[in-house]
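Computed over heavy atoms, backbone and side chain alike; hydrogens, waters and symmetry mates excluded. All figures in this text were calculated on a predicted structure; none of them were measured in a lab. Numbering starts at 1 and runs along the sequence shown.
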Amino acid sequence: MNIIRAHHAGACYGVERALAMVSHALEEYGAPVYTLGPLIHNPTVVKELELSGIVAIESLDEIKSGTLVIRSHGVAPDVIDQARARGLNIVDATCPHVSKVHKACSGLSDKGYFVIVVGEAGHPEVEGICGYAGSEFLVVPDAGGLPQQLPSAHIGIVVQTTQSEETFERVVAALRDRVEDIEIHNTVCFATQLRQEAACDVAKTVDVMVVVGGRNSGNTRRLYQISSKVCPQTYHIESPEEIDPQWFEGYETVGITAGASTPESQILAVIERLEELS
């Protein structure tokens, strides 16, 4: 079996930064350290963090004191205000690329634009972005999500950092001829673009494609979707234990990529398992 790894795969800068910051917070303040939601969308890593004293909570109501780490996805500004009002130690691990979306979104709202966010409704990053969009905004997953009657003739548009470039461009194209004034901020993260392009390139050349990462990770799911379009034999796994040897029967080449929340150790474990099957 010939194993080909995508040139760009695995944990991005924002994820590595968040992991380093939460580790530092644990050293400085001691356990427990709380994160509002899982620090990253990788169940295996989150379980490891729990063992070291880093506890994921779903609401500020669950704690009265201590240290709170804002995860890489970011949060709405009112959440930060509430945490400060409770006297919590705050460590802001929001990815700098996500912070750029917040700034763009806030700027559009301040200038009177109705903000459209291209992204996955309910995703924590999108919820945080919407907190900067003013009192009225719209979240659409793709061009098909645009309403027949737009809410304003003055539209500002941003995009979830892990969305695909293609999806964003289609939404922009659908809006251009429908509004008299549009301000566009392409906030797709460059690391996301590189991973998506690299996954597609590998998927075109292999018989089977394996995508490694949390099933709750939006960017990992998009890698799976992109790979599946060009390589029907694509599988999304979280760990090497999920690999089924039958997937590779009769095939010679296997590609591997991983989401931005997948540490190098998990990628290497999957590669090791694939080599055992060779």
Side-chain angles (χ1 to χ4, degrees), residues 12 14 18 35-38 40-41 58-60 68-85 90 92-193 216-219 221-222 260:
C12 65
T35 65
L36 192 54
I40 62 174
H41 281 164
E58 293 303 320
S59 169
L60 291 177
L68 178 72
V69 176
I70 303 301
R71 57 183 171 176
S72 55
H73 298 103
V75 295
D78 65 299
V79 176
I80 299 288
D81 293 339
Q82 292 172 28
R84 285 177 176 153
I90 300 173
D92 190 355
T94 302
C95 173
H97 295 292
V98 175
S99 295
K100 289 180 182 179
V101 190
H102 293 172
K103 183 176 180 180
C105 202
S106 179
L108 289 169
S109 178
D110 290 344
K111 289 190 285 187
Y113 284 99
F114 183 94
V115 177
I116 292 179
V117 181
V118 181
E120 184 181 344
H123 188 283
E125 181 189 328
V126 173
E127 290 183 344
I129 292 169
C130 291
Y132 292 84
S135 58
E136 295 185 23
F137 54 85
L138 178 65
V139 178
V140 299
D142 49 40
L146 292 169
Q148 289 187 340
Q149 182 66 42
L150 292 173
S152 173
H154 306 280
I155 298 291
I157 182 169
V158 298
V159 57
Q160 182 182 358
T161 59
T162 56
Q163 285 291 316
S164 72
E165 191 84 17
E166 179 182 8
T167 296
F168 179 67
E169 289 176 352
R170 286 180 176 174
V171 176
V172 170
L175 285 170
R176 282 191 184 277
D177 295 331
R178 298 181 59 188
V179 294
E180 61 185 60
D181 181 21
I182 182 170
E183 184 169 325
I184 302 161
H185 289 264
N186 183 347
T187 49
V188 174
C189 174
F190 185 57
T192 294
Q193 290 178 256
N216 59 341
S217 165
N219 75 83
R221 291 197 302 270
R222 273 179 279 285

CD on E125 to OG1 on T161, rounded to 0.5 Å
3.5 Å

Closest heavy-atom pair, L36 versus L68, reported as atoms and distance to 0.1 Å, is N-CD1, 3.9 Å

Whether the N186 and E169 side chains hold a donor-acceptor pair (N or O, under 3.5 Å, no angle test) is what I'd like checked.
no

Among residues two or more places apart or on two chains, list those pairs meeting side chain to side chain donor-acceptor pair (under 3.5 Å) that have a residue in residues 72-83.
D78-Q82

Stepwise, does the side chain to side chain contact (heavy atoms under 4.5 Å, CB included) test hold for V159 with T167?
CA-CA 9 Å; V159 57; T167 296; over 6 Å; no

Where do I80 and I90 come nearest, in terms of heavy atoms and distance?
O-CD1, 4.0 Å

Going by heavy atoms in the side chains, are Y132 and S109 under 4.5 Å from each other?
no

R178 atom CZ: more than 12 heavy-atom contacts under 6.0 Å:
yes

Can you tell me which residue pairs pass the side chain to side chain donor-acceptor pair (under 3.5 Å) test with a partner in residues 140-155, sequence neighbours excluded?
H154-D181

If you define the side chain from C-beta out and look only at heavy atoms, does anything of H102 sit under 4.5 Å from T94?
yes

What is the minimum heavy-atom distance between Q163 and E120, and which atoms define it?
NE2-N, 3.9 Å

Taking atom SG of C189 and atom CG of N219, what is their separation to the nearest 0.5 Å?
9.5 Å

Search all heavy atoms of V139 against all heavy atoms of G119 and return the closest pair with its distance.
CG1-O, 3.7 Å

I need the minimum non-hydrogen distance between F168 and I184, along with the two atoms involved.
CZ-CG2, 3.6 Å

Kindly say whether T35 contributes a backbone atom to a donor-acceptor pair with the side chain of R71 at under 3.5 angstrom?
no

To the nearest 0.5 Å, atom CD1 of I129 lies from atom OG of S106 at 12.5 Å

Which heavy atom of P124 sits nearest to which heavy atom of H41, and what is that distance?
CG-CE1, 3.8 Å

To the nearest 0.5 Å, how far apart are NE2 in H123 and OG in S217?
7.0 Å

When rounded to the nearest 0.5 Å, the distance separating SG of C95 from NZ of K100 is 9.0 Å

Supply the atom-to-atom distance L146 CG to L138 CG, rounded to the nearest 0.5 angstrom.
7.0 Å

